[in-house]
There are 2 protein chains.
Amino acid sequence: MPRATFFNLPADKRQRIIEVALEEFAERPYDQASISRVVSRLGIAKGSLYQYFDGKRELFTWLVEEAGRKKLEAVSATPPPTGADLYARLRWLYAQGLLFIAASPRWARVALRSVEPSLDPEISRLRASSEAAAQAFLREQLARGQEEGSVRGDLSLELVVPLVHGLLSEGLMRAFLARAGVTDPLDPAAQSLGREDALAVVDAALSLLERGLRRGAP
Amino acid sequence: MPRATFFNLPADKRQRIIEVALEEFAERPYDQASISRVVSRLGIAKGSLYQYFDGKRELFTWLVEEAGRKKLEAVSATPPPTGADLYARLRWLYAQGLLFIAASPRWARVALRSVEPSLDPEISRLRASSEAAAQAFLREQLARGQEEGSVRGDLSLELVVPLVHGLLSEGLMRAFLARAGVTDPLDPAAQSLGREDALAVVDAALSLLERGLRRGAP
DNA sequence: ATAGCATATGACTACCCAGTCACATCGGAG
DNA sequence: CTCCGATGTGACTGGGTAGTCATATGCTAT
């Protein structure tokens with residue numbers, strides 16, 4: 001979505017623009033992020049930024065797409081477990097997700113911004129489609145699980161999908177960050193979070209999901 | 001938190017001010033809610049509103065407190081089940097919560113606004129304390145459950161509390177609203193949600209929580 | 001009737017924002 | 001050396017915001 005001009009820029013300048021814009025859109029929700037602040041931090045004229053991107057929306061959506069690409073790349077770095085059941089697959093997947101947050105908190109934060117509400121109608125559409133995609137993915141996984149027999153059939157997916165989504169998105173994130181005594185991935189204290197934290201949290205979450213809160217072992 | 005002047009107002013005028021302010025703060029997050037819009041919708045001068053409330057913060061925090069009172073009142077209307085175990089207690093509690101959302105979506109929305117982030121430091125403190133209170137409450141419930149033997153002891157509450165919070169806050173809400181094909185409690189289509197929906201969703205959530213996703217019956 | 005207090009007003013200050021555009025500068029091709 | 005397209009600029013437009021305050025009006029008690 002950037003204009004051609006943006007890609008003609010010297011790599012270091014382009015990189016700096018990305019970094020500053022990323023920081024702005026990571027720290028504030030779309031409606032409160034400010035192009036004026038970005039250009040003033042960069043020390044360039046506002047008109048220049050408008051040569052690189054058609055507007056605030058384009059800059060944001062490009063950052064979100066870029067964040068998605070980086071996340072996909074990071075998650076694909078480790079190969080998924082083959083032949084494993086639903087719970088093992090989800091364990092692997094969400095562990096990768098948490099590690100991405102720990103490794104690239106600003107990119108992860110921007111990716112999360114894409115499911116936040118906004119007053120801008122176009123951004124709202126982006127939000128709706130991101131949210132729908134996430135739930136559709138989870139639904140597919142759980143449907144596969146039902147076929148495998150690893151997911152009980154007495155609860156409709158219409159109900160289960162959003163519930164599990166709450167557990168594995170907001171819940172998992174909160175549990176992960178709580179390990180560092182923090183509620184925001186951008187908090188400097190969150191840097192102390194590592195692989196062990198991610199695995200501990202994901203193990204607990206999936207054990208809870210699979211077996212429930214009453215009994216550990218079946 | 002309102003000034004004395006506010007309570008001296010004729011009841012109908014006061015009521016109308018509450019309604020319009022409620023609508024504004026229900027529809028938009030704190031930072032984007034606008035005092036200017038409130039007064040213009042009310043058709044009164046901005047100075048007048050500042051005679052009733054010291055500022056935007058005071059108006060918002062008062063609405064949040066008021067929402068809390070109304071929610072408590074609504075929840076207390078039905079007596080809690082006595083002698084029931086953790087899951088039955090939570091089932092009752094969260095069903096009441098969903099019914100409050102269905103009955104008073106704007107008040108419920110404002111209550112939820114209190115756990116949204118804001119750039120205003122004072123509002124951020126309110127957010128932190130609301131969030132902490134919610135988790136502390138859940139922690140107490142789960143600790144009681146562990147004593148009763150209805151909650152497995154192999155998972156630390158530090159991990160379980162935020163996970164369950166994700167399931168029973170965001171997850172439950174999403175599942176409830178999804179029944180009306182909606183993602184926002186203020187959406188007019190959400191008015192079709194009733195007691196049966198609340199009970200169905202809460203039953204699914206608590207069954208999932210208690211027994212897990214793999215098997216229904218123990 | 002008048003004094004004095006409570007209430008109502010809206011123009012005003014001092015900020016912030018996205019986006020535009022006429023103009024300036026640069027750098028390479030001819 | 002000159003031209004021209006690409007790049008850079010920042011003042012400007014038109015909009016929004018929270019909060020203030022001198023002034024005006026209503027209302028009540030003497």
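Just the heavy atoms: all of them, side chains too, but no hydrogens, waters or symmetry mates, feed the values below. We name chains A, B, ... by the order of the sequence lines, and we start the count at 1 in each one. In this text the structure is predicted, and so the values were computed from the model without any measurement.
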Query raised in the report: dT17(D), dG8(D), dG10(D): which one has an atom nearest the side-chain heavy atoms of Arg37(B)?
Result: dT17(D)

**Report entry** Spacing of Lys46(B) atom NZ relative to dT23(D) atom C1', expressed in whole Å
**Finding:** 18 Å

Query raised in the report: In whole angstroms, how far is the P atom of dT20(D) from the CZ atom of Phe53(B)?
Result: 16 Å

Query raised in the report: So does Arg37(B) pair up with Glu27(B), basic N to acidic O under 4.0 Å?
Result: no

Query raised in the report: Between dA18(C), dT17(D), dG8(D), which one does the side chain of Ser36(B) approach most closely?
Result: dT17(D)

Under 3.5 Å, sequence neighbours excluded: what are the donor-acceptor pairs made by side chains of residues 91-110 of chain B?
residue, atom, partner, partner atom, Å
Arg91(B), NE, Asp203(B), OD1, 3.0
Trp92(B), NE1, Pro79(B), O, 3.4

Report task. Specify the separation, in whole Å, of atom CZ of Arg28(B) and atom P of dG16(D). Result -> 12 Å

Query raised in the report: Where the side chain of Tyr50(B) is defined as all heavy atoms beyond and including C-beta, which of dA18(C), dT7(C), dT20(D) is the nearest nucleotide?
Result: dT20(D)

Side-chain donor-acceptor pairs of residues 188-202 of chain B under 3.5 Å, sequence neighbours excluded:
residue, atom, partner, partner atom, Å
Ser192(B), OG, Ala189(B), O, 3.0
Asp197(B), OD1, Arg179(B), NH1, 2.8
Asp197(B), OD2, Gly194(B), N, 2.9

Query raised in the report: Of the candidate nucleotides dG8(D), dG19(D), dA8(C), which contains the atom at the shortest distance from the side chain of Lys56(B)?
Result: dG19(D)

**Report entry** Lys13(A) vs dG8(D): side-chain N/O to OP1/OP2 distance below 4.0 Å
**Finding:** yes

Query raised in the report: Rounded to the nearest Å, what distance is computed from the OH atom of residue Tyr30(B) to the P atom of nucleotide dA18(D)?
Result: 8 Å

Query raised in the report: Just how far, in rounded Å, is P of dC16(C) from CG of Leu119(B)?
Result: 13 Å

**Report entry** d(CZ, Arg3(A); P, dG19(C)) in whole Å
**Finding:** 12 Å

Query raised in the report: Quick one: which of dT9(D), dA8(C), dA18(C) gets closest to the side chain of Ser48(B)?
Result: dA8(C)

Query raised in the report: Does Tyr52(A) have a side-chain nitrogen or oxygen under 4.0 Å from the phosphate oxygens OP1 or OP2 of dT7(D)?
Result: no

Query raised in the report: Ile35(B) has an atom CD1; how far is it from atom C1' of dG10(C), in whole Å?
Result: 16 Å

**Report entry** Closest nucleotide among dA8(C), dG8(D), dA18(C) to the Gln51(B) side chain
**Finding:** dA8(C)

Query - SB check Glu19(A) Arg16(A) (cutoff 4.0 Å) - result: no

Query raised in the report: If you check every side-chain atom of Ser34(A), which of dA18(C), dT7(C), dG8(D) has the closest atom?
Result: dA18(C)

